[in-house]
Every structure is written in C-alpha cells, then in structure tokens.
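Have a look at the structure below, then the notes.
Order of the sequence lines sets the chain letters (A, B, ...), proteins ahead of strands, with each chain counted from 1.
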Amino acid sequence: MATPIGPLGVATDGGAVTGIDFLPPAVGPKVADTPLAGRVVKELEHYFLDASHGFSLPLHAAGTEFQQSVWGLLREIPLGQVWTYGDMARKLGSSPRAVGNACRHNPLPVIVPCHRVVSAQGLGGYAGETAGRNMEIKCWLLAHEGVDLPL
DNA sequence: TTAGGTAGTCTCG
DNA sequence: CGAGACTACCTAA
C-alpha cells in the first residue's frame with residue numbers, strides 16, 4: 001500500500017516518545033537510535049497496514065495544561081469517528097478556536113489522532129497547514145480508518 | 001456571505 | 001506585565 005506519508009522523524013527522551021515529524025520526501029528517515037524508537041516505527045507500520053491496530057507507547061508531549069487536556073481528549077476519539085473543533089470545545093468548556101490552536105501544536109501526529117478532528121464546514125487543517133501535503137496525509141489517514149469525508 | 005464572538009498563545013514594548 | 005495580533009472555528013443574521 002502506498003501512503004502519502006514520507007519518512008518520519010521520531011524523537012524520544014527519558015523513555016518516552018516526545019515528537020513525531022513528517023519529513024520532506026527527499027529526506028531519509030531520521031529516527032532516534034534507541035530501542036524505543038524501534039518500537040515506535042514498528043507500531044506505526046502495523047497501523048499503516050491495519051488501522052485497527054492501536055498504540056501502546058509511553059508518550060510525553062510537552063505543552064501547557066490546556067494543550068494536555070486537548071491532546072488527552074483527542075486520544076478518546078474512537079477509531080473511524082470524526083469530531084468537530086466545536087464538539088471538542090463543548091466537552092472542554094472552551095472555544096473552537098482555542099481547540100484548533102492546541103491541535104495545531106500537537107507534537108505527536110498519528111499517535112495522538114488529531115486527524116480525527118475536522119471543521120463544521122470543511123476539513124480544518126493538519127500539522128500546521130490548511131492545504132498542501134499535510135492535508136493529503138490527513139485525508140489519507142481518515143480514508144484509511146474508513147471515514148467517508150464530508151465533501 | 002459576512003460580522004461578530006470566542007479562548008489560548010505569542011510577540012512586542 | 002499589558003496590549004494587540006494571530007489562529008487547523010462557530011453561530012446568527
């Protein structure tokens with residue numbers, strides 16, 4: 001299966017995963033040379049083969065209290081479902097715009113499934129972009145999970 | 001279609 | 001610190 005997802009950068013620290021990066025296609029994989037990084041790659045490969053394969057990895061995403069709560073809530077979105085930024089905001093007692101802001105800074109894309117959050121009107125954005133390669137990745141991930149896109 | 005409202009974060013000074 | 005500008009938004013008119 002061909003994914004639009006190019007090489008991934010994996011960052012680890014103190015026994016936990018701290019960052020996942022989408023790298024330009026020309027660049028080779030840049031994976032921290034640790035046993036944990038190996039586990040990360042293996043779990044990601046399983047997931048790319050079969051979306052129902054979840055992740056069991058020690059994660060440490062650095063961020064503010066609010067961001068932590070947003071990222072925590074993201075991990076509760078069931079496979080194959082999409083929520084809107086507004087849904088998230090209501091559950092958190094916050095505002096949609098603030099939720100989008102926090103999602104934008106998610107350091108662990110794919111593992112923390114920020115691709116399962118879309119706008120009430122369109123598709124929102126992904127990895128800091130509202131158009132371009134990262135949005136293709138978002139669409140691929142959603143299709144891979146069996147979501148038919150509302151467009 | 002737009003106009004306004006919203007919450008959190010960042011950047012100046 | 002404070003003001004102002006920036007968002008992967010939403011709702012009402």
Side-chain angles (χ1 to χ4, degrees), chain A residues 1-14 16-27 29-32 40-41 43-48 50-151:
Chain A
M1 145 195 349
T3 80
I5 303 169
L8 292 172
V10 178
T12 62
D13 175 52
V17 188
T18 57
I20 300 288
D21 291 308
F22 298 117
L23 304 176
V27 182
K30 186 179 61 179
V31 173
V40 176
V41 171
E43 294 217 4
L44 284 169
E45 283 174 350
H46 280 226
Y47 166 80
F48 290 144
D50 173 9
S52 70
H53 181 273
F55 296 97
S56 62
L57 294 164
L59 306 178
H60 178 69
T64 66
E65 280 302 313
F66 178 72
Q67 288 169 336
Q68 301 283 351
S69 61
V70 170
W71 301 335
L73 187 57
L74 283 173
R75 301 194 62 205
E76 293 176 17
I77 304 179
L79 179 75
Q81 280 196 24
V82 289
W83 294 357
T84 66
Y85 299 98
D87 291 335
M88 299 273 297
R90 270 188 294 278
K91 288 181 196 293
L92 292 168
S94 179
S95 91
R97 209 131 201 201
V99 169
N101 226 353
C103 291
R104 186 160 57 93
H105 290 89
N106 169 27
L108 299 170
V110 183
I111 296 178
V112 175
C114 49
H115 55 273
R116 291 181 196 151
V117 186
V118 299
S119 152
Q121 307 282 326
L123 281 177
Y126 196 59
E129 295 181 359
T130 52
R133 184 169 81 95
N134 291 343
M135 283 306 293
E136 290 182 25
I137 294 175
K138 179 174 188 172
C139 291
W140 185 89
L141 289 170
L142 289 172
H144 185 232
E145 296 186 356
V147 177
D148 22 340
L149 301 176
L151 277 188

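Residues that satisfy the side-chain contact (heavy atoms from CB on, under 4.5 Å) test with Ala16(A), not counting sequence neighbours, are Pro58(A), His60(A). Thr84(A) pairs by the side chain to side chain donor-acceptor pair (under 3.5 Å) definition with Asp87(A), not counting sequence neighbours. Contacts of Glu43(A) classified as salt bridge (Lys or Arg N to Asp or Glu O under 4.0 Å), with partners at least two apart in sequence or in another chain: none. Not counting sequence neighbours, the partners of Tyr126(A) by the ring pair (Phe, Tyr, Trp, His ring centres under 6.0 Å) test are Phe22(A). With sequence neighbours excluded, the residues forming a ring pair (Phe, Tyr, Trp, His ring centres under 6.0 Å) with His53(A) are His46(A), listed by chain and number. Applying the side-chain contact (heavy atoms from CB on, under 4.5 Å) test to Thr130(A) and every residue at least two apart in sequence or in another chain returns nothing. Looking at residues two or more places apart in sequence or on another chain, you find no salt bridge (Lys or Arg N to Asp or Glu O under 4.0 Å) involving Arg133(A).
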Pairs under 3.5 angstrom, nitrogen or oxygen only, protein versus nucleotides 9-12 of chain B, please.
unit_1: dT9(B); atom_1: OP1; unit_2: Thr64(A); atom_2: OG1; d: 2.4

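Using a 30° and 60° split on the angle between ring planes, Tyr47(A) and His144(A) fall in the perpendicular class, above 60°.
The interatomic distance linking Asn106(A) (CG) with dT7(C) (P) rounds to 19 Å, in whole Å. As rounded to whole Å, 13 Å separates atom C1' of dT11(C) from atom CZ of Arg97(A).
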Side-chain donor-acceptor contacts of residues 74-81 of chain A below 3.5 Å, not counting sequence neighbours, with atom names and distances?
unit_1: Gln81(A); atom_1: OE1; unit_2: Trp83(A); atom_2: NE1; d: 3.3

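Every pair passing salt bridge (charged side-chain N to carboxylate O under 4.0 Å, His left out) that includes a residue from residues 109-132 of chain A is listed here, sequence neighbours excluded: Arg116(A)-Glu145(A).
Residues from residues 84-93 of chain A that place a heavy atom under 4.0 Å from any atom of DNA chain C, listed by number: Thr84(A), Tyr85(A), Gly86(A), Arg90(A).
Regarding contacts with the backbone of dC10(C), a side-chain N or O of Ser119(A) is found under 4.0 angstrom from either OP1 or OP2.
For DNA chain B, if you chain together Watson-Crick or G-U pairs that step i with j, i+1 with j-1 and so on, the runs of at least three with distances under 3.5 Å are B:1-5 with C:9-13, B:7-13 with C:1-7.
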